[in-house]
Enquirer: 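Let me begin by handing over the structure; questions about it come next.
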Amino acid sequence: MDLSYSADELAFQSEVRAFLDAELPPEMSAKVRAGTDLTKAQMENWHGILNARGWLAVTWPTEHGGPGWGPVKRHIFEEECCRAFAPRTVPFGLNMLGPVLIAFGTTDQQAEYLPRILDGRDWWCQGYSEPGAGSDLASLKTRAVRDGDHYVINGQKTWTTLGQHANRIFCLVRTKAEGKPQEGISFVLLDLDTPGIEMRPIKLIEGGFEVNEVFFTDVRVPVANLVGTENEGWTIAKFLLSHERTNIAGVGFSMTALSEVKRLAQQVRRSGKPLSENPHFAARMAEIEIDLEAMKITNLRMLAQAEAQGAPGAETSMLKIKGTVIRQALNDLARRALGPAAAPLPSEDLEGNAALVPPDFANGAARYFNNRKLSIFGGSNEIQRNILAKHALGL
Amino acid sequence: MDFSLTDDRRMLADTLARYLADQYPIEHRNTVAYAAPFHDPAKWAELAELGVIGALVPEAKGGFGGTGFDIAVVFEALGRALCPEPMLAALMGLTALSHTDQELDPIIAGETRIALATGELDAPYSSSDIATTATGDRLTGRKSVVYGGGVADTLLVTARHGAGIGLYQVAASDTQITPFGMVDGGGAAEVFLDNTPATRLLADAGPALAHAETAGIVALCAEAVGVMEVLKDQTLDYLKTRKQFGRAIGDFQVLQHRMVDLTIEIEQARSITIQAADSLGTPHGPRHASMAKNLIGRAGKLVSEEAIQLHGGIAMTWEYPVSHYAKRLIMIDHQLGDTDTHLERVIAG
Ligand SMILES: Cc1cc2nc3c(=O)[nH]c(=O)nc-3n(C[C@H](O)[C@H](O)[C@H](O)COP(=O)(O)OP(=O)(O)OC[C@H]3O[C@@H](n4cnc5c(N)ncnc54)[C@H](O)[C@@H]3O)c2cc1C
């Protein structure tokens, strides 16, 4: 066993650092660090910078424009991006639809859509969940009825992340009412400009806008926009979910969050001393650091295993559970460290001399509340436990 | 032993609960709680008229209550309605003032409003570390996150003078106040004192402050219990009605057990709050208050996080009331000493 990076991996790490030093716009990293939303243009700009370097679609094979990295390099890249407070890339085209088209799409679909994901002409969003179909995704009701060489779609999707920026949506729709629910689902691609689609924003717990509801009324979609075979969309759905879960451990995010909490705890003063010297707070911080240290290795072990098996297995559910628990614990710690100063809503009146805490930390409470989503989406942590119990433990 | 409320308190609890259910529905609450002035002045006047402020003050001082149980009854009802009115500021201000010979009637009547300005950025929870200084009748320093400070006419400020820490009265109009709204609703303020004229009420603020703080902790714990009860009811109801995989999600045993654990913690939270309310004003008061605040901090985090998790995505939305209750419950741990602060106090004895 050898836990150190090889010479090649170390060289890669330096290369990534140099790239980020040179290319990451400081106004973007400042926003990421403070936990404020990037504009659509900023996100597109960052995609463009990565794409120019060939480092945008990190999970794609080289023939489709991926960099051809193995799990360790991907891990290094993620870690360095987090360390530099680079924006996270928008996953819907890159980590979800891209791999689906590569595995299930026709060559025409690949030729049409993959380049548009890379160069930013398309911004995709994910239309899976419905008000009545969350954990039980297969119970989805949005219907697609064949009419000549079109489908006519009626129904509703919800929780559509960043749909407000998107021009396209991939959807799971019901194409057959009879039989097992899983056997009547199809995977279709829609242009959000199609008549009959309406998007409405949902305001989240902390006041932010990142998710939406999407309503479909007699929306006509060419049958050519079907991916894979009609009624076999469930296979694609499961494939996509397992890819959604790669990188789900968020080790890079947690490492950055930990170093930020440490920095905060050195600045906050309690009883004449830095909070980092308070034994109770220090113990909380150390416990999470220990969990994270183990998580780094667990993550790499499981990624290596997935790579060897060719596909992520049920074990990645472990990464999702433990990874999100650690991230949420770090958010909890940052919020606690602020004490009463966590209370204010963002306000121009509290800038400069009137600020209660350095601007990087002012969003501590909002970030904590917003990240309660981590254990709900991408397959809730309860559902992940069901998967592990059944498929990893045979219970 | 008798755990039932007296008739007077039961009546107060019922009247207040009815009033809030009627006049402070969650939609109204969310409209006023997050926009300046971060409460509803008309409702404040009505609450005063109902006698809610008077219930926080002993008869000898012009009120008709003032015991730990009076405070707990009022604040549990406020918690259930998620009421953003600055009642904590009134309670703590009145409690501190009850150690002086100041006239309390205008405050009880809702005509003037006060706020207690003790915490500072580097000394949010402990009055002995404050840096604000008094030079004669002038104060200089900064008081941070003063609850109700944005709408108060009078501030009660702690400051160091030659011989210790005193309690001073400052007219809001004489100082620079920056009001702000809070993530869980309601308002507070930063108070900047720069050679600000003040009147010294007490040379030694210690006993008055300790009393105000203990009363404030009892109030926050009771409020938290009210919030928890609502979260429990809403979550239980959702478990019974939300269907996934062809059945109510409450059929899944793993969720049943977690709901049971919540229920146990809420009962514990209620018990420790009763204990703290009972010993308010006795030598055990501060220690029991610290025990309560520590337990409430732990139980509150569990109840808040589990209420959201057991609901799934819906509880992440602004529109669904659970999100606001969950925020309030978490942020109570940021007021008057957090879980760790009170753990330290319990350890110290
Ligand atoms: C911020 C956010 C962004 C999202 N973005 C997207 C997106 O872009 N596209 C998209 O399609 N979806 C998205 N989602 C939806 C997300 O995938 C769902 O919220 C998730 O699948 C859970 O569904 P639900 O919210 O309906 O909860 P429910 O499925 O109703 O679950 C409620 C509770 O019951 C538990 N539960 C359910 N079934 C079981 C069981 N069998 N055993 C034990 N416990 C169970 C759950 O774990 C949860 O605790 C997003 C959600 C959020 C909150």
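Please read all numbers here as calculations on a predicted model, not as lab measurements. Reckoned from all heavy atoms, side chains included, excluding hydrogens, waters and symmetry mates. Within every chain, numbering begins at 1; the chains are lettered A, B, ... in the order of the sequence lines, protein sequences first and strands thereafter.
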Enquirer: Just wondering, more than 12 heavy atoms not from A:E183 lying within 6.0 Å of its CD?
Expert: yes
Enquirer: Please indicate whether B:R160 has more than 12 foreign heavy atoms, meaning atoms of other residues, nucleotides or ligands, lying under 6.0 Å from its CZ.
Expert: yes
Enquirer: In the structure I gave you, are the side-chain heavy atoms of A:I376 and B:I308 within less than 4.5 Å of one another anywhere?
Expert: yes
Enquirer: What's the separation between atom CG in A:L356 and atom CZ in B:R142, rounded to the nearest 0.5 Å?
Expert: 5.0 Å
Enquirer: Looking at chain B, which one of A:A365, A:A133, A:S135 has the largest number of heavy-atom pairs inside 4.5 Å, strictly under?
Expert: A:S135
Enquirer: What part of A:P346 gets within 4.5 angstrom of chain B, counting heavy atoms only: side chain, backbone, both, or neither?
Expert: neither
Enquirer: Is it the side chain or the backbone of B:F245 that comes within 4.5 Å of chain A heavy atoms, both, or neither?
Expert: both
Enquirer: Let me see the working for A:E382 and B:L255 under side chain to side chain contact (heavy atoms under 4.5 Å, CB included), right down to the final yes or no.
Expert: CA-CA 9 Å; A:E382 289 72 36; B:L255 302 190; 4.1 Å; yes
Enquirer: Judged by modelled atom types alone, do B:E344 and A:N278 share a side-chain donor-acceptor pair under 3.5 Å?
Expert: yes
Enquirer: Heavy-atom cut-off 4.5 Å, strictly under: side chain, backbone, both or neither for B:D338 against chain A?
Expert: side chain
Enquirer: Is it the case that atom NZ in A:K322 sees more than 12 heavy atoms from other parts of the structure closer than 6.0 Å?
Expert: no
Enquirer: Under a 4.5 Å cutoff for heavy-atom pairs, which residue among A:N381, A:V211, A:L345, A:L338 has the most contacts with chain B?
Expert: A:L345
Enquirer: So which part of A:E206 gets closer than 4.5 Å to some heavy atom of chain B, the side chain, the backbone, both or neither?
Expert: backbone
Enquirer: For A:R372, is there an ion pair with B:E305 - N to carboxylate O distance below 4.0 angstrom?
Expert: yes
Enquirer: Which atoms of A:I202 come close to chain B, meaning under 4.5 Å heavy atom to heavy atom: side chain ones, backbone ones, both, or neither?
Expert: side chain
Enquirer: What part of A:A343 is in contact with chain B, defined as an atom under 4.5 angstrom from a non-hydrogen atom: side chain, backbone, both or neither?
Expert: both
Enquirer: Heavy-atom pairs under 4.5 Å with chain A - which of B:K301, B:H324, B:K243 has more of them than the others?
Expert: B:K301
Enquirer: With distance as the sole test, does B:E190 use its side chain to make a donor-acceptor pair with the main-chain N or O of A:L350 at under 3.5 Å?
Expert: no
Enquirer: Under a 4.5 Å cutoff for heavy-atom pairs, which residue among A:S347, A:A354, A:A341, A:P279 has the most contacts with chain B?
Expert: A:A354
Enquirer: For chain B, find which of A:S375, A:P181, A:A342 contributes the most heavy-atom pairs closer than 4.5 angstrom.
Expert: A:S375
Enquirer: With side chains defined as the heavy atoms from C-beta onward, is the minimum distance between B:Y147 and A:P340 less than 4.5 Å?
Expert: yes
Enquirer: May I ask you to decide if A:G132's main-chain N or O and B:Q244's side chain share a donor-acceptor pair within less than 3.5 Å?
Expert: yes
Enquirer: Is it the backbone or the side chain of B:V183 that comes under 4.5 Å from a heavy atom of chain A, or both, or neither?
Expert: both
Enquirer: Indicate yes or no: at least one non-hydrogen side-chain atom of B:S126 is less than 4.5 angstrom from one of A:R270.
Expert: no
Enquirer: Roughly how far apart are A:T158 OG1 and B:I314 CD1, rounded to 0.5 Å?
Expert: 8.0 Å
Enquirer: For A:A138, is it the side chain, the backbone, both or neither that has a heavy atom under 4.5 Å from a heavy atom of chain B?
Expert: neither
Enquirer: Please flag which part of B:L343 lies under 4.5 Å from any non-hydrogen atom of chain A: side chain, backbone, both or neither.
Expert: side chain
Enquirer: Measuring heavy-atom distances to chain A, does B:Y125 have an atom under 4.5 Å in its side chain, in its backbone, in both, or in neither?
Expert: side chain
Enquirer: Which bit of B:Y320 comes within less than 4.5 Å of chain A, counting heavy atoms only: side chain, backbone, both or neither?
Expert: neither
Enquirer: Surrounding CG of B:N195 (heavy atoms of other residues, nucleotides or ligands, distance under 6.0 Å), is the total greater than 12?
Expert: yes
Enquirer: Does any backbone or side-chain atom of A:N353 lie under 4.5 Å from a heavy atom of chain B? Answer side chain, backbone, both or neither.
Expert: backbone
Enquirer: Would a distance-only check, ignoring hydrogens and angles, find a side-chain to backbone donor-acceptor pair under 3.5 Å from B:K327 to A:I205?
Expert: yes
Enquirer: Report the option among A:D332, A:N370, A:D349 that has the most heavy-atom pairs separated by less than 4.5 Å from atoms of chain B.
Expert: A:D332
Enquirer: Are B:D333 and A:R336 within salt-bridge range, i.e. N to O under 4.0 Å?
Expert: yes
Enquirer: Which bit of B:I347 is near chain A, if near means a heavy-atom gap under 4.5 Å: side chain, backbone, both or neither?
Expert: side chain
Enquirer: Looking only at heavy atoms and a cut-off of under 4.5 Å, which of A:S129, A:G134, A:S380, A:S139 has the most pairs with chain B?
Expert: A:G134
Enquirer: Between B:D129 and A:R269, does any side-chain N to carboxylate O distance fall below 4.0 Å?
Expert: no
Enquirer: Measure distances from A:A355 to the heavy atoms of chain B and classify the residue's part below 4.5 Å as side chain, backbone, both or neither.
Expert: backbone
Enquirer: To the nearest 0.5 Å, what is the distance between CZ (A:R335) and CE (B:M331)?
Expert: 7.0 Å
Enquirer: Please report the interatomic distance OG1(B:T341) to CZ(A:F281), rounded to the nearest 0.5 Å.
Expert: 11.5 Å
Enquirer: More than 12 heavy atoms of other residues, nucleotides or ligands under 6.0 Å from NZ of A:K176: is that the case?
Expert: yes
Enquirer: What's the spacing between A:Y368 OH and B:I330 CD1 if we round to 0.5 Å?
Expert: 3.0 Å
